[in-house]
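Okay, structure first, notes after.
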Amino acid sequence: MPNIRVLIVDDDPLVRTALAHFVSRDPEIDVIGEAETGLEALAYLEKDRPDIVMMDVQMPEMNGIEATAAITERWPEVRVLAVTTLDGSDTVLPMLSAGASGYMLKDSSAESILAGVREVYSGASSLSPRIASMLVRHVRDSAPSAATADLEALTEREAEVLDRLAQGMSNAEIAHALIVSEGTVKAHLGRIMSKWGVRDRVQILVMAARAGLVNFG
């Protein structure tokens with residue numbers, strides 16, 4: 001299996017060096033480049049495609065939220081993992097809504113950062129109940145409601161999985177609640193992603209919130 005290719009985007013060179021050091025400790029992860037601003041990140045992606053972009057939020061010229069939105073629109077196969085010092089709803093939620101697949105704080109342990117990269121790469125990153133609730137409210141309050149007719153209908157079981165996802169449950173917790181295997185939950189999530197044209201659990205939740213299909217919190 002090929003290594004996970006990572007681009008680190010942060011305006012602080014010391015942070016870039018530290019993150020590169022943490023991530024490079026894993027033999028299955030390669031840091032293929034660094035960028036100082038969102039604009040530099042976009043220029044890099046014009047030339048090469050990482051699997052994961054580790055993205056700071058506050059940067060000059062183009063911030064991480066703007067850069068994330070541009071990346072996920074132009075290169076939907078590239079996943080963004082926010083890595084920042086900011087943990088307020090005014091940062092977390094716009095970043096996730098812009099397309100980030102995960103959100104980590106810079107003071108996280110090296111092991112947690114590595115786990116975050118792997119989770120985002122696999123599409124299996126989960127949200128805490130607090131973040132899931134905040135995300136649903138943020139999307140519904142800030143985005144025009146999308147017509148549910150625009151989304152392919154879910155089966156009853158897929159809708160049950162979506163409901164648990166909106167409660168911030170992990171795949172394992174959903175499996176336990178529905179008395180099915182974790183593999184079955186992943187299969188249901190995969191079918192929802194395929195039906196709605198999204199790439200991960202966070203974007204399933206964003207799409208469902210926009211359409212008014214979930215109202216957690």
Side-chain angles (χ1 to χ4, degrees), residues 3-26 29-121 123 125-128 130-131 134-135 137-139 141-143 198-203 205-206:
N3 281 6
I4 302 171
R5 306 171 79 247
V6 173
L7 171 67
I8 297 175
V9 185
D10 197 294
D11 61 336
D12 187 332
L14 294 179
V15 171
R16 293 198 305 273
T17 299
L19 290 175
H21 173 71
F22 290 158
V23 172
S24 297
R25 289 164 58 178
D26 190 313
I29 299 177
D30 294 330
V31 177
I32 64 169
E34 299 180 8
E36 190 171 347
T37 69
L39 286 178
E40 283 188 17
L42 297 184
Y44 188 95
L45 266 75
E46 293 281 2
K47 302 179 298 181
D48 198 0
R49 300 285 187 281
D51 298 306
I52 305 293
V53 177
M54 298 178 70
M55 182 75 75
D56 190 19
V57 175
Q58 286 188 328
M59 294 180 291
E61 296 183 333
M62 176 183 279
N63 65 37
I65 296 169
E66 296 166 334
T68 296
I71 288 170
T72 55
E73 180 180 355
R74 296 171 64 181
W75 302 286
E77 73 280 7
V78 177
R79 291 188 165 91
V80 177
L81 172 64
V83 184
T84 179
T85 58
L86 305 173
D87 62 356
S89 61
D90 58 339
T91 303
V92 177
L93 302 178
M95 194 68 177
L96 292 173
S97 293
S101 297
Y103 198 102
M104 300 201 69
L105 297 178
K106 287 178 180 176
D107 60 2
S108 301
S109 66
E111 291 73 20
S112 295
I113 291 173
L114 286 172
V117 170
R118 289 184 170 279
E119 287 175 355
V120 168
Y121 179 72
S125 55
S126 60
L127 299 174
S128 70
R130 180 178 70 90
I131 295 297
M134 287 166 55
L135 178 59
R137 287 200 305 270
H138 170 75
V139 171
D141 290 346
S142 63
V198 297
R199 70 193 180 285
D200 57 39
R201 293 163 51 99
V202 172
Q203 294 308 305
L205 202 52
V206 169

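These numbers come from a predicted model, not from an experiment.
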Could you tell me which non-hydrogen atom of I113 sits nearest to which non-hydrogen atom of V23, and how far apart they are?
CG2-CG2, 4.4 Å
Exam field: side chain D30 to backbone I32, donor-acceptor pair closer than 3.5 Å
no
4.5 Å side-chain heavy-atom contact, W75 and E46:
yes
With sequence neighbours excluded, residues passing side-chain contact (heavy atoms from CB on, under 4.5 Å) with P13:
R16
Determine whether T85 and K106 make a side-chain contact, defined as any pair of heavy atoms from C-beta on separated by less than 4.5 Å.
yes
What are the two closest heavy atoms between A67 and L42, and how far apart are they?
O-CD2, 4.2 Å
Suppose we screen for side-chain contact (heavy atoms from CB on, under 4.5 Å). Which residues come up paired with T84, at least two apart in sequence or across chains?
D56, V57, L86, Y103
Within 6.0 Å of CD in E77, more than 12 heavy atoms from elsewhere:
yes
Compare all side-chain heavy atoms of R25 with those of E111 and state whether any distance is below 4.5 angstrom.
yes
Under a 4.5 Å cut-off applied to non-hydrogen side-chain atoms, are Q203 and T72 in contact?
no
Go through the steps to decide whether L19 and E34 satisfy the test side-chain contact (heavy atoms from CB on, under 4.5 Å), and finish with yes or no.
CA-CA 10 Å; L19 290 175; E34 299 180 8; over 6 Å; no
Pairwise side-chain contact, L114 with S109, heavy-atom cut-off 4.5 Å (strictly under):
no
